[in-house]
Chemist: 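There's a structure below that I have some questions on.
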Amino acid sequence: MDDERKLVGFVKVLRDRTEQRETEMALRERTRALEILNRSGADLAREDDLEKVVQLVTDAGVELASST
């Protein structure tokens with residue numbers, strides 16, 4: 001402000017948050033993968049039918065692959 005208290009300019013601060021966003025995205029993806037694997041592991045532990053086991057593993061693999 002000048003002597004008459006009028007605005008004569010301003011300062012704007014910009015921050016590059018690219019790295020932070022990339023890290024957050026990677027963390028979300030890893031968390032998602034761990035959730036899929038955890039759920040699949042629990043399902044597999046209860047299953048004794050080979051065909052169902054193969055299907056569970058296939059489904060988990062497809063779900064993991066679709067996230068990339």
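Values reported hereafter were calculated over all heavy atoms of this structure, with side chains retained and with hydrogens, waters and symmetry mates removed. Heads up: numbering here begins at 1 and tracks the sequence. Worth saying up front: this structure is predicted, and the values here are computed from it rather than measured.
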Chemist: Supply the atom-to-atom distance Leu34 CG to Arg30 CZ, rounded to the nearest 0.5 angstrom.
Modeler: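 These two atoms lie 9.5 Å from each other.
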Chemist: Going from CG on Leu14 to CG on Asp16, what distance comes out if it is rounded to the nearest 0.5 angstrom?
Modeler: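 Result: 9.5 Å between the selected atoms.
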Chemist: I need the single residue from Arg28, Arg21, Gln20 that forms a side-chain hydrogen bond (donor to acceptor under 3.5 Å, both in side chains) with Glu24. Which is it?
Modeler: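 With Glu24 as partner, side-chain hydrogen bond (donor to acceptor under 3.5 Å, both in side chains) holds for just one option, Gln20.
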Chemist: Take Leu37 and Leu64 through the side-chain contact (heavy atoms from CB on, under 4.5 Å) test and state the conclusion after the steps.
Modeler: CA-CA 9 Å; Leu37 292 171; Leu64 286 167; 3.8 Å; yes
Chemist: Tell me every residue that passes side-chain contact (heavy atoms from CB on, under 4.5 Å) with Asp59, counting only those two or more places apart in sequence or in another chain.
Modeler: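 Result, side-chain contact (heavy atoms from CB on, under 4.5 Å) vs Asp59: Gln55.
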Chemist: Between Arg39 and Glu63, is a side-chain contact (heavy atoms from CB on, under 4.5 Å) present by the stated rule, with each step listed?
Modeler: CA-CA 12 Å; Arg39 185 183 66 240; Glu63 192 173 359; 2.5 Å; yes
Chemist: How long is the gap from CZ on Arg32 to CG on Leu27, to the nearest 0.5 Å?
Modeler: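 Between Arg32 CZ and Leu27 CG, I get 14.0 Å after rounding to 0.5 Å.
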